[in-house]
Amino acid sequence: MLRIGMLTSGGDCQALNAAMRGVVKGICSKREDVEIFGFQDGYKGLIYGDFKMLTSKDFSGILTRGGTILGTSRQPFKLMRVPDKDGIDKVEAMKHTYHKLSLNCLVILGGNGTHKTANLLREEGLNVITLPKTIDNDLWGTDMTFGFQSAVDIATDTIDRIHTTATSHSRVFIIEVMGHKVGHVTLHAGIAGGADIILLPEIPYDIDAIAEVIQKRTDVGKAFTILAVAEGAISKEDAKLKKKEYKEKMEKRKYPSIAYELAEQIQAKTDKEVRITVPGHTQRGGSPCPYDRVFSSRVGAKAAELILNEQYGYMVAMINNETVAVPLKEVAGKLKYVDPNCSLIKEAKMLGISFGEKTKKKQEE
Ligand code: F6P
């Protein structure tokens, strides 16, 4: 008997169900003696032994369904070794559940935090296979994560819709895009949506440079400006602060998010009306786009192959459009940022997109 535990952890995204379906289809096409234990709400289910028995039938008809049939929750890695309110040692509890159910392996779908815990469980001797999910695409060791392309589609659609109203009103529009500490979604949606200015956490911005771009556009008769702003975008002044100082500043900040701070500054520096759009969790909602359906099915099938071969301790990654098993210990704890010198940024600059930096000429003045 092959006994597989499965869980989805961290923020949800599109194609979680599609990926689990891929794993189950892959395994059940080769073996009939399979038991699937679906843990409820991520690691919480594994800690407290909250699971349901599933069959291949439960994974039918879910290819296009958003969210996760298992539910999910955030269980911070830094608290994993901290006992819960009843004094339960979470790591020991997870090991206990795994051994009590005589599992052969755990299939864990998650992003960065999830991978740190998955690696911890591997170090503790459990058989683990992970799949790379997150709209942020910030997992180290894979070119792509599922959820990312779907989120880019939604953020792009938002920018597209803003475009027509922006032109009618001669306003400045800020669209704040999710992505946590990285700017992959914003960069792609910004280019796809034709944003004039893209602000990323990886390239600290200069508010005067932003005002200049808006003014220049006005001077040549382009009365509107669209900014795609990553939720983690940071000014060059704030980027110089120590981590602790920045955190304290953020805690005291009067604005709900970066878009509001920018809007106030832009309004003060230009004579433009500024409007803000925050698509927020819509970027994680709804059906996965076709790319994500294919991608998640592929990594799911590859995970099935690894499990059938009893090769554990890997994340299934996509590198150069090939599914690859990457050792979990190499993935855990590393973030994949946008490289400010990558060709995509260079090409975007060639297209005239500003990243809120002072131009070389201006810096010299
Ligand atoms: O990591 C995915 C993500 O959607 C980030 O882009 C965002 O910063 C965060 O999750 C939001 O988290 P929550 O759903 O817990 O508010």
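Because the structure is a prediction, the values reported are computed rather than measured. Indexing begins at 1, ligand by ligand and atom by atom, following the structure's order.
- In this structure F37 satisfies the ring pair (Phe, Tyr, Trp, His ring centres under 6.0 Å) test together with F51, sequence neighbours excluded.
- Scanning all heavy atoms of the two residues, the minimum distance from G356 to I210 falls at CA-CG1, 4.0 Å.
- In this structure, Y98 contributes its side chain and N127 its backbone to a donor-acceptor pair below 3.5 Å.
- For H184, the ring pair (Phe, Tyr, Trp, His ring centres under 6.0 Å) test picks out no residue, with sequence neighbours left out.
- Ordered by chain and residue number, the residues placing a heavy atom less than 4.0 Å from ligand 1 are R74, I135, D136, M178, G179, H180, E231, H281, R284.
- Remark: M350 CE is loosely packed, at most 12 non-hydrogen atoms of other residues, nucleotides or ligands lying under 6.0 Å away.
- For residues 152-176, the ring pair (Phe, Tyr, Trp, His ring centres under 6.0 Å) pairs, not counting sequence neighbours, are H163-F224.
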